[in-house]
Amino acid sequence: MCTTKASEHLKFETLAVTVPKPFVFHVELNRPDKLNALSHLMWIEIKKCFEALSSEADCRVVVVSAAGRIFTAGLDIKSATNTMQSFAEANDIARKAKILEELIRLYQQSMSSLEICKKPVLTGIHSACIGAGVDLITSADIRYCTNDAWFQVKEVDIGMAADVGTLQRLPRVIGSESLARELCFTARKFSADEAFRCGLVSKVFDDKESMLTGLLKTAEEIASKSPVAVQGTKSNIIYSRDHTVQEGLERMIIWNQFMMQSEDFVTALVGQATKDDNIMFSKL
Ligand SMILES: CC/C=C\C=C\CC(=O)SCCNC(=O)CCNC(=O)[C@H](O)C(C)(C)COP(=O)(O)OP(=O)(O)OC[C@H]1O[C@@H](n2cnc3c(N)ncnc32)[C@H](O)[C@@H]1OP(=O)(O)O
């Protein structure tokens with residue numbers, strides 16, 4: 001694979017960003033010695049990374065995977081203890097609450113940055129995906145995993161209600177309130193097979209290598225399409241999830257009043273009519 005390094009503004013301590021294919025960016029969770037547990041810096045860097053990729057014209061699709069033996073062990077418990085130092089030092093409930101409010105908001109923004117990113121985000125999960133890992137992947141557009149993957153909405157086991165996305169997104173992603181609530185109340189581990197059957201992941205691979213190949217194949221296919229069409233599709237799928245059918249339809253009219261005037265519409269239409277597989281689209 002001919003991978004190139006991403007530019008300077010996409011250099012991070014906890015993430016490795018590369019460009020394995022034209023218009024395809026690969027973000028790797030990169031704290032393998034800490035089992036990719038999310039430290040305070042990692043929460044911040046995830047937000048910065050996806051905000052940057054959202055407006056990066058050379059990026060049309062993002063693939064997320066993880067280095068090392070597991071996808072992620074969730075919240076870095078040691079780092080969280082240090083981050084909570086100022087909380088421990090505040091001696092008033094209002095001051096303590098303000099510290100927690102700002103922290104939770106920042107961590108929510110970090111997880112939501114995958115969903116807010118204009119480009120489709122594809123995730124590949126191998127081995128364990130625990131706690132905050134489920135928040136992260138449910139904010140993505142497409143999820144694949146290896147057959148040794150397992151998942152756990154672990155938060156109740158550490159005495160808290162999940163607060164950065166899982167409770168809001170998991171029921172919608174799997175389409176079963178009953179199963180989502182069971183997984184969230186019990187914190188039981190569930191397998192790749194169950195994740196596939198309930199729709200949390202859409203493909204299961206024998207190993208990490210074949211999963212990455214599969215992710216890149218899908219990413220390349222998406223990257224070959226009109227970025228106007230793909231980004232418009234992502235924006236409107238998410239809008240429609242959170243609104244009535246009629247509100248979604250009304251937004252589509254406004255959206256396509258403008259976007260069907262784009263050069264991409266004519267280029268794609270002519271490409272389809274002439275069976276030309278090599279049509280190119282300008283950067284967006
Ligand atoms: C505002 C709040 C926002 C978000 C909140 C999110 C909540 C969560 O994410 S809840 C989930 C928290 N995570 C966990 O409870 C996982 C704990 N870890 C494990 O269960 C296991 O380590 C394992 C991931 C299943 C892997 O097991 P194993 O292969 O046996 O390795 P270990 O020997 O247990 O661990 C190796 C090494 O990693 C350290 N480590 C593991 N998990 C974490 C973690 N979450 N945070 C920090 N460090 C972690 C572990 O301590 C070991 O370190 P050594 O220095 O080698 O001892």
Side-chain angles (χ1 to χ4, degrees), residues 14-15 27-32 34-39 42-43 46 50 62-77 80 107-108 110-115 120-212 214-215 218 241:
T14 64
L15 307 170
V27 176
E28 210 177 11
L29 309 183
N30 196 29
R31 298 185 77 218
K34 303 288 177 193
L35 305 184
N36 298 312
L38 274 76
S39 62
M42 195 162 175
W43 291 95
I46 289 172
F50 283 92
V62 188
V63 168
V64 178
S65 70
R69 66 187 174 91
I70 76 167
F71 182 76
T72 178
L75 177 73
D76 186 321
I77 294 161
Y107 288 8
Q108 284 183 353
S110 171
M111 298 295 94
S112 294
S113 67
L114 278 71
E115 183 175 289
V121 179
L122 285 51
T123 47
I125 303 109
H126 71 285
S127 186
C129 177
I130 303 170
V134 180
D135 297 288
L136 183 82
I137 63 164
T138 49
S139 185
D141 297 280
I142 296 173
R143 286 161 294 278
Y144 294 169
C145 75
T146 54
N147 59 19
D148 72 344
W150 57 272
F151 304 80
Q152 190 176 21
V153 184
K154 177 87 173 160
E155 279 82 347
V156 291
D157 277 351
I158 65 162
M160 63 180 286
D163 55 3
V164 294
T166 291
L167 302 188
Q168 292 66 39
R169 295 190 176 102
L170 184 66
R172 290 175 161 100
V173 166
I174 66 177
S176 165
E177 278 281 344
S178 173
L179 179 59
R181 290 180 196 206
E182 182 204 317
L183 296 172
C184 296
F185 292 150
T186 64
R188 77 165 165 85
K189 295 178 183 176
F190 58 106
S191 65
D193 179 49
E194 187 172 356
F196 178 72
R197 282 188 280 111
C198 75
L200 178 61
V201 299
S202 51
K203 278 185 187 163
V204 181
F205 293 82
D206 284 343
D207 51 37
K208 192 175 165 188
E209 201 188 333
S210 57
M211 177 180 72
L212 285 174
L215 282 165
T218 306
R241 180 197 62 190

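Atoms considered below: every heavy atom in the structure, side chains included; atoms not considered: hydrogens, waters and symmetry mates.
Take S210 and apply the side-chain hydrogen bond (donor to acceptor under 3.5 Å, both in side chains) test, not counting sequence neighbours, and it matches D207. A search for side chain to side chain contact (heavy atoms under 4.5 Å, CB included) contacts involving C198 returns I174, L179, L200, not counting sequence neighbours. Not counting sequence neighbours, the partners of A66 by the side chain to side chain contact (heavy atoms under 4.5 Å, CB included) test are L29, N36, F71, H126. With sequence neighbours excluded, the residues forming a salt bridge (charged side-chain N to carboxylate O under 4.0 Å, His left out) with D193 are R197, listed by chain and number. Contacts of S112 classified as side-chain hydrogen bond (donor to acceptor under 3.5 Å, both in side chains), with partners at least two apart in sequence or in another chain: R169. With sequence neighbours excluded, the residues that form a side chain to side chain contact (heavy atoms under 4.5 Å, CB included) with F196 are V201, V204. Scored by the side-chain hydrogen bond (donor to acceptor under 3.5 Å, both in side chains) test, R241 finds E115 as partners (sequence neighbours excluded). Contacts of S113 classified as side-chain hydrogen bond (donor to acceptor under 3.5 Å, both in side chains), with partners at least two apart in sequence or in another chain: none.
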Test log, rule side-chain contact (heavy atoms from CB on, under 4.5 Å), inputs M111 and I46: CA-CA 8 Å; M111 298 295 94; I46 289 172; 4.2 Å; yes
Given the rule in the side-chain contact (heavy atoms from CB on, under 4.5 Å) test, do T123 and I142 qualify, once you have shown the distances and angles that lead to the verdict? CA-CA 6 Å; T123 47; I142 296 173; over 6 Å; no
Begin with the C-alpha distance, continue with both residues' side-chain angles, and end with the deciding distance and a verdict on side-chain contact (heavy atoms from CB on, under 4.5 Å) for T146 and I125. CA-CA 6 Å; T146 54; I125 303 109; over 6 Å; no
Given V27 and V63, is the side-chain contact (heavy atoms from CB on, under 4.5 Å) satisfied, shown in steps? CA-CA 6 Å; V27 176; V63 168; over 6 Å; no
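Here CD1 of I137 is found 8.5 Å from CG of L170. Values are rounded to the nearest 0.5 Å. To the nearest 0.5 angstrom, L114 atom CG is 9.5 Å from T138 atom OG1. Distance check: S127 OG to I70 CD1 gives 5.5 Å after rounding to the nearest 0.5 Å. Annotation: the span from L183 atom CG to K154 atom NZ amounts to 14.0 Å, rounded to 0.5 Å. With rounding to the nearest 0.5 Å, the separation of CE in M42 from OG in S110 is 9.0 Å.
Proximity of V64 to L122: side-chain heavy atoms (C-beta onward) are nowhere separated by under 4.5 Å. The shortest distance between side-chain heavy atoms of F50 and V121 falls below 4.5 Å. Looking at T14 and N30, their side chains never come closer than 4.5 Å, going by heavy atoms from C-beta outward. Contact check for V134 versus C129: side-chain heavy atoms found under the 4.5 Å cut-off. Using a 4.5 Å heavy-atom cutoff, the side chains of I130 and T72 are not in contact.
Counting only residues at least two apart or in different chains, salt bridge (charged side-chain N to carboxylate O under 4.0 Å, His left out) contacts with residues 174-190 comprise E177-R181, E182-R188, R188-E194. Within the structure, salt bridge (charged side-chain N to carboxylate O under 4.0 Å, His left out) pairs that include any residue of residues 62-76 comprise R31-D76 (at least two apart or interchain). Identified under the ring-ring contact (aromatic ring centres under 6.0 Å, His included) test for residues 132-186, with sequence neighbours left out: Y144-F205, F151-F190.
Looking only at distances, no side-chain donor or acceptor of R143 sits under 3.5 Å from a matching main-chain atom of S202. Remark: the backbone N or O of S65 is not paired with any side-chain donor or acceptor of E28 at under 3.5 angstrom.
G68 approaches P32 most closely through the heavy-atom pair CA-CB, 3.8 Å.
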Using a 3.5 Å cut-off and no angle test, enumerate the donor-acceptor pairs between side-chain atoms of residues 156-168 and protein atoms at least two apart in sequence or in another chain.
unit_1	atom_1	unit_2	atom_2	d
T166	OG1	D135	N	3.2
T166	OG1	D135	OD1	2.8

